[in-house]
Amino acid sequence: MSKPVLATTSLAGCFGCHMSILDIDERILDLIELVEFNKSPVDDIKTFTKQCDIGLIEGGCCNSENVHVLKDFRKHCKILVSVGECAIMGGLPAMRNGIPIKECLREAYLTGPSVTANTEHIIPNDPELPMMLDKVYPCQEIVKIDYYLPGCPPRADLIWETLVALLRGTEINLPYEVIKFD
Ligand code: SF4
């Protein structure tokens with residue numbers, strides 16, 4: 001019998017949520033038995049090769065590429081899970097939301113105290129680069145999200161218990177201690 005298929009991605013995240021996935025430690029061996037991985041930084045598959053059962057999303061959307069990837073995940077995954085505060089509410093990167101994007105770029109590339117080598121005073125504008133969005137958006141403002149796992153990052157036990165319940169189609173029963181928001 002074929003295994004359920006799992007995909008994961010990091011949008012405007014720090015990969016800390018992926019580290020928390022790996023924090024399930026030796027249960028990673030059980031996970032490999034339970035699922036087949038598709039597009040994910042875990043296996044380095046870059047594009048979807050089939051429809052997936054579950055997609056885990058780390059990070060919100062701060063640029064056009066994030067939006068494209070998120071919509072692609074919604075198209076290819078039956079169940080989409082926002083993993084971590086960045087995916088759920090923008091997280092720390094959303095601290096820039098109160099500052100106009102032009103001002104953020106000027107500070108980062110032109111006037112900030114750590115800018116020393118940009119002698120030509122260029123704000124990167126190569127067409128290969130994704131466009132920055134006016135602010136950082138939580139995933140549910142772009143596509144429908146089915147489940148939310150809070151934390152920065154969420155505890156490995158929270159990710160594991162939720163994943164196993166979703167894979168087995170059983171009730172998600174989470175003890176209070178595994179849920180946190182920091
Ligand atoms: S929620 Fe925290 S750990 Fe996860 S991607 Fe955002 S900053 Fe990193």
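Only a predicted model underlies this, so the values are computations on that prediction, with no experimental measurement involved. Both ligands and their constituent atoms are indexed starting at 1 by order of listing.
Of all protein N, O or S atoms, those under 2.8 Å from atom 4 (Fe) of ligand 1 number 1.
The environment of Y109 atom OH is sparse: at most 12 non-hydrogen atoms of other residues, nucleotides or ligands sit within 6.0 angstrom. Taking a 6.0 Å sphere around NZ of K3, one finds it holds more than 12 heavy atoms contributed by other residues, nucleotides or ligands. Heavy-atom contacts from other residues, nucleotides or ligands closer than 6.0 Å to NZ of K75 number 12 or fewer.
For residues 53-72, there are no ring pair (Phe, Tyr, Trp, His ring centres under 6.0 Å) pairs, not counting sequence neighbours. The ring pair (Phe, Tyr, Trp, His ring centres under 6.0 Å) pairs that include a residue from residues 20-53 are F48-F73, F48-H76, where partners are two or more places apart or lie in different chains. Residue pairs meeting the side-chain hydrogen bond (donor to acceptor under 3.5 Å, both in side chains) criterion with at least one partner in residues 4-33, sequence neighbours excluded, are T8-H18, T8-S40, S10-E58, H18-E58, R27-D157.
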